[in-house]
Amino acid sequence: MASYDVIIIGAGPGGYVCAIRCAQLGLKTAVVEGRETLGGTCLNVGCIPSKALLHASHMLHEAEHNFAAMGLKGAAPKVDWKQMLAYKTDTIGQNTKGIEFLFKKNKIDWLKGWGSIPAAGQVKVGDDIHTAKTVIIASGSEPSSLPGVEVDEKVIVTSTGALELPKVPKTMVVIGAGVIGLELGSVYARLGASVTVIEYLDAVTPGMDGEVQKTFQRILKKQGLDFVMGAAVQKAEAQKTKARVTYKLRKDDSEHGIDADVVLVATGRKPYTTGLGLDALGVQMTKRGQIAVDAHWQTNVKGIYAIGDCIEGPMLAHKAEDEGMAVAEVVAGRHGHVNYGVIPGVIYTHPEVANVGKTEEQLKEQGRAYKVGKFSFMGNGRAKANFAGDGFVKILADRETDRILGCHIIGPAAGDLIHEVCVAMEFGASAEDLALTCHAHPTYSEAVREAALACGDGPIHS
Ligand code: NAI
């Protein structure tokens, strides 16, 4: 039993970043984490391992599709699945050990076990009750369940099981054309599985810019993914070695079935707050099961704060990290700030998809007067050289003031390119500000500048 300034529950990107900032600000800090390793879902069974598999499978795709044209001849590499999983596991290990090192460096205590909050100012881990002036909940999220679908993490899997399959399946059904479904669906499609994505809505990646959605789905189809759109999955049943998925088409209510070696359920995530004792404490929750917080991330119980996936907002690691840093500042008596209007979203398929700010659909709904500047990667020399001409950059700017309101990119390195627009938006920049900024040639980022030029007198290369 020990006494701290701050105890954080959960060592995911929200919790561990918060802990480091708390320690940097001079607060005596501990983190409660029940997993064997630090880093939460993101490092252990989410962002990082999926990126390793996306990278490896993309390399294979390049070898199979583009090497010969570049004069790189020879047999395409064969997939050694065991080695690919080992590479993924090694990547996880390097990252989680890195956090452990940072904890030691910053003198942060890792309280191993699952924590609960018996009273404000107390955190129970195992039989020990530790005390803290401030408790910050960063307990994250878990896959949400789907009625009629029983996950066994073998044949019917969530993203966690999909990162540990014993072999590459011949056939895979993905339920949900959201971020997880399309990232992991692409991995297995590239590795040779025949992948069918079943989606309730009529477009992939809900909430994304409509034009991007259409282009994205077209490109994925070209890569071999099949789509059943407007279909509600009713049930998925594991049989001996396969599973049968039953769905109903929304347009005519007709029922259909499809078999697959593996079914990936990717229909969203929900806040994970089980076992924290929030009910007994009287911590207020939202209707959607999130912990309700005020503008300073404090719950209705004084001294208890919450950040990341377990509160409102996009379930994104970097949103949690930003909240983690900001709440640390608040707890240390300083000013913490998160600009929720400028949080980028990235899908790490190939090509990547990235967005920030408003979509055209949102601007229309708000009745805002806006202009669109669009530029295709076909007009970008670097993209052409790299077989990466599919996609575009689209900048939305206020029609009167030219202030950038949003940006949507589908194309090479979109997840990196988006950040110059994020910085521009943070500074309240106009499209012209971007257009007048010198961009090195030849880079993909020239496409961003051209889209900014397209908001004014027009791009050069189209
Ligand atoms: P999602 O919310 O992105 O997509 C779920 C999809 O499933 C939706 O399109 C929905 O219409 C569909 N769906 C729901 N019920 C259905 C049914 N019965 N039949 C057919 N379709 C159905 O959720 P996803 O992909 O599981 O991701 C969860 C969270 O994790 C998201 O908040 C996402 O932002 C985050 N994440 C972010 C990543 C990134 O930033 N690159 C990577 C992975 C996850």
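Keep in mind that what you see is a predicted model, and the values were worked out from it rather than measured. Both counts, for ligands and for their atoms, begin at 1 and track the order of listing.
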Of T96, T37, N95, T160, which is the lone residue that meets side-chain hydrogen bond (donor to acceptor under 3.5 Å, both in side chains) with N44?
-> T37
Taking E323 for the side chain and A320 for the main chain, is one N or O donor matched with an acceptor at less than 3.5 Å?
-> no
By side-chain contact (heavy atoms from CB on, under 4.5 Å) - contacts of T241 (at least two apart) = none
What pairs with P143 under side-chain contact (heavy atoms from CB on, under 4.5 Å), at least two apart in sequence or on another chain?
-> T158, R269
Could you check ligand 1 for N or O atoms lying under 3.5 Å from protein N or O atoms and list the pairs with distances?
unit_1	atom_1	unit_2	atom_2	d
ligand 1	3 (O)	V179	N	3.4
ligand 1	9 (O)	E199	OE1	2.6
ligand 1	9 (O)	E199	OE2	3.1
ligand 1	11 (O)	E199	OE2	2.6
ligand 1	19 (N)	V233	N	3.0
ligand 1	21 (N)	Y200	N	3.1
ligand 1	23 (O)	G268	N	3.3
ligand 1	25 (O)	V179	N	3.2
ligand 1	25 (O)	I180	N	2.9
ligand 1	26 (O)	A266	O	3.4
ligand 1	26 (O)	G268	N	2.9
ligand 1	40 (O)	V346	O	3.4
ligand 1	41 (N)	E183	OE2	3.0
ligand 1	41 (N)	V346	O	2.8

Hey, is OH on Y87 packed in by over 12 heavy atoms from elsewhere, all under 6.0 Å?
-> yes
Report, one line per pair, each donor and acceptor closer than 3.5 Å where one atom sits in a side chain of residues 15-24; sequence neighbours left out.
unit_1	atom_1	unit_2	atom_2	d
R21	NE	E329	OE2	3.3
R21	NH1	Q24	OE1	2.4

